[in-house]
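What follows is a short report on a single structure.
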2 protein chains.
Amino acid sequence: MGKCLYQHNLKALLSDQYEDLVQQGIRKNLIPMDILFREGEAAANSYLVTKGCLKLSKLNAQGGEVIIRYITPGDMAAAPAVLRNGDYPVTAQALKFTEVIVWDKEGFIALIQKNPKIAMDLLMTVYDRLEDLQTRYLELSSEQAEQRIAKMMISLMKHAGQEHSSGVHIDIPLSRQNIADHIGASMYTVSRTLSTWEKSGWLKSSRKQITITNPGALKALGKT
Amino acid sequence: MGKCLYQHNLKALLSDQYEDLVQQGIRKNLIPMDILFREGEAAANSYLVTKGCLKLSKLNAQGGEVIIRYITPGDMAAAPAVLRNGDYPVTAQALKFTEVIVWDKEGFIALIQKNPKIAMDLLMTVYDRLEDLQTRYLELSSEQAEQRIAKMMISLMKHAGQEHSSGVHIDIPLSRQNIADHIGASMYTVSRTLSTWEKSGWLKSSRKQITITNPGALKALGKT
DNA sequence: CGCTCTATTGATAAACCTCAAATACAGTGG
DNA sequence: CCACTGTATTTGAGGTTTATCAATAGAGCG
């Protein structure tokens with residue numbers, strides 16, 4: 001499918017030249033809850049996540065968090081903001097032990113000049129995110145909370161799912177509040193929904209842990 | 001402000017080389033309601049709007065329209081989808097008499113190879129849209145309908161406002177349904193809200209026509 | 001074991017959608 | 001110029017989803 005062509009190229013490129021990149025960039029380790037950069041700060045560095053998970057979020061006028069995206073290994077963060085000399089539009093926080101590669105502005109521009117193809121790959125990565133967000137905007141405006149939660153679970157299975165004999169475990173520590181903040185619902189609605197699903201035997205969950213035992217049921221819900 | 005640097009460059013570039021571009025691309029005129037391309041079709045052409053207005057929308061599962069964005073003169077449509085060899089992610093429809101410049105895939109790639117800077121400018125344009133949509137996603141998930149309508153009106157004033165002695169006229173023929181589909185509300189809620197504002201003397205509206213007479217009041221509402 | 005953070009669950013309220021019906025308006029053809 | 005027709009808008013009534021509030025229970029940690 002053409003859809004993932006360029007994104008995969010970007011990931012492959014970054015992966016092939018891993019040694020080079022590490023020499024040009026700097027490895028950095030984060031512990032859970034560490035904040036990598038904050039919304040509104042001048043964008044100084046570009047990041048590539050190699051292990052763990054980042055949460056990209058904005059604050060609304062009431063001080064509540066809205067989670068724009070979760071960043072898993074192979075994804076970049078902040079690159080276009082750096083290229084444009086702008087501010088970070090979101091806050092990036094580690095949800096678990098996370099490793100990133102850091103380039104400062106000069107290093108990242110040098111990297112692109114050395115590999116001009118990266119500019120096009122980056123364009124396609126940003127475009128992927130735009131398309132994804134367009135779809136989620138549609139869902140937020142026309143589907144109800146249960147469907148949006150189901151779709152989020154399915155997406156998480158793809159990006160952070162670990163096959164297990166008991167089901168697919170979501171390898172990101174997500175609270176009910178984290179889920180709510182991502183799909184535009186309240187923590188209470190999320191809690192009630194997951195409780196119902198658990199009673200139906202579709203998933204198992206404990207504090208910040210989710211294992212999906214009946215993916216088909218959730219996919220069917222998402223298509224409703 | 002750094003924020004608009006690249007977008008403006010793209011517009012300027014396209015404008016400076018207008019004659020060149022017209023020779024490479026083809027001028028095309030649309031009448032109101034004409035559909036330029038449809039969601040799901042293979043992306044064949046890139047467009048630059050030079051006059052009029054396009055509505056970019058997706059269909060939800062119930063067949064309802066969700067309007068992702070309005071495209072006004074100087075903005076592009078479909079470029080990244082063409083570069084990636086993908087499908088159009090949205091449907092583009094003219095809301096008034098509209099002129100676009102068309103490049104087929106080969107022509108557009110040739111254009112970029114002749115002016116490599118365009119790739120970076122395009123990246124920044126796509127990034128602008130991503131940031132805009134991130135902000136609207138936040139608003140949709142945490143603000144109520146009245147505030148979202150107010151913010152849409154303010155945004156329209158900037159992009160399609162015509163100063164007039166009686167106020168700022170929105171130079172796009174928007175139905176209540178069009179407004180509702182953009183901000184994720186029902187036509188009825190939009191109608192009630194505009195009626196209230198009209199009674200307060202903040203705007204005047206007739207069928208598909210809006211003139212804002214008290215921008216300050218709407219801006220204050222948006223900041224609530 | 002107590003402290004803190006997270007999750008659950010019930011009761012209530014608010015925002016908003018849906019449905020229905022009336023009204024206003026633009027364009028058309030006689 | 002006017003009636004006619006189809007579309008757009010308005011407004012009320014009622015229902016639904018979901019947020020909010022409050023109270024409780026549970027999990028992890030020192």
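Throughout, protein chains are lettered first and strands after them, A, B, ... in sequence-line order, and every chain is numbered starting at 1.
Side-chain N/O atoms of Arg192(A) and base N/O atoms of dT17(D) include no donor-acceptor pair closer than 3.5 Å. The base of dG27(C) is not paired with the side chain of Arg207(B) by any donor and acceptor separated by under 3.5 Å.
The separation between Leu194(B) atom CG and dT9(D) atom P is 9 Å, rounded to whole Å. If you take CD of Gln209(A) and P of dA7(C), they are 10 Å apart, rounded to a whole angstrom. Summarising the geometry, the separation between CD on Glu198(B) and P on dA24(C) is reported as 14 Å, rounded to the nearest angstrom. Atom C1' of nucleotide dT9(D) and atom CD1 of Ile149(B) are separated by 14 Å, given to the nearest angstrom. For the pair Gln144(A) CD and dA19(D) P, the interatomic distance rounds to 11 Å; values are reported in whole Å. Atom CG in Asn178(A) sits about 15 Å away from atom P in dC5(C), given to the nearest Å. Between Trp197(A) atom CH2 and dA7(C) atom P the separation is 15 Å, expressed in whole Å. Summarising the geometry, the separation between OH on Tyr188(B) and P on dG15(D) is reported as 17 Å, rounded to the nearest angstrom.
A salt bridge does not link Arg69(B) to Asp75(B): none of the charged nitrogens lies less than 4.0 Å from a carboxylate oxygen. With respect to the salt-bridge test (charged N to carboxylate O, under 4.0 angstrom), the residues Lys28(A) and Glu99(A) do not qualify.
Two end axes, each from the C1' atoms of five base pairs, can be drawn for the helix from dC1(C)-dG30(D) to dG30(C)-dC1(D); they diverge by 30°, to 10 degrees.
Taking 4.0 angstrom as the limit, Thr189(B) places a side-chain polar atom (N or O) nearer than this to OP1 or OP2 of dC17(C). Considering only side-chain N and O atoms, Ser191(A) lies under 4.0 angstrom from the phosphate OP1 or OP2 of dT8(C). In terms of phosphate contacts, Ser186(A) brings no side-chain nitrogen or oxygen within less than 4.0 Å of OP1 or OP2 of dT18(D). The side chain of Lys208(A) contributes no N or O atom lying less than 4.0 Å from OP1 or OP2 of dG26(D).
The 5' end of DNA chain D is approached more closely, in terms of each residue's nearest nucleotide, by Met187(B) than by the other of Met187(B) and Glu143(A).
Aromatic ring pairs are classed by plane angle as parallel below 30°, tilted from 30° to 60° and perpendicular above 60°; the pair Tyr88(A) and Phe37(A) is parallel.
Annotation: the span from Asp34(A) atom CG to Lys96(A) atom NZ amounts to 15.0 Å, rounded to 0.5 Å.
A side-chain donor from one of Lys105(A) and Asn85(A) sits under 3.5 Å from a side-chain acceptor of the other. With 3.5 Å as the limit, one finds a donor-acceptor pair spanning the side chains of Gln209(A) and His169(A).
Nearest to the side chain of Ser195(B), among dT10(D), dT9(C), dT9(D), sits dT10(D).
Here the side chain of Arg148(B) pairs no donor or acceptor atom with the backbone of Glu139(B) at under 3.5 angstrom.
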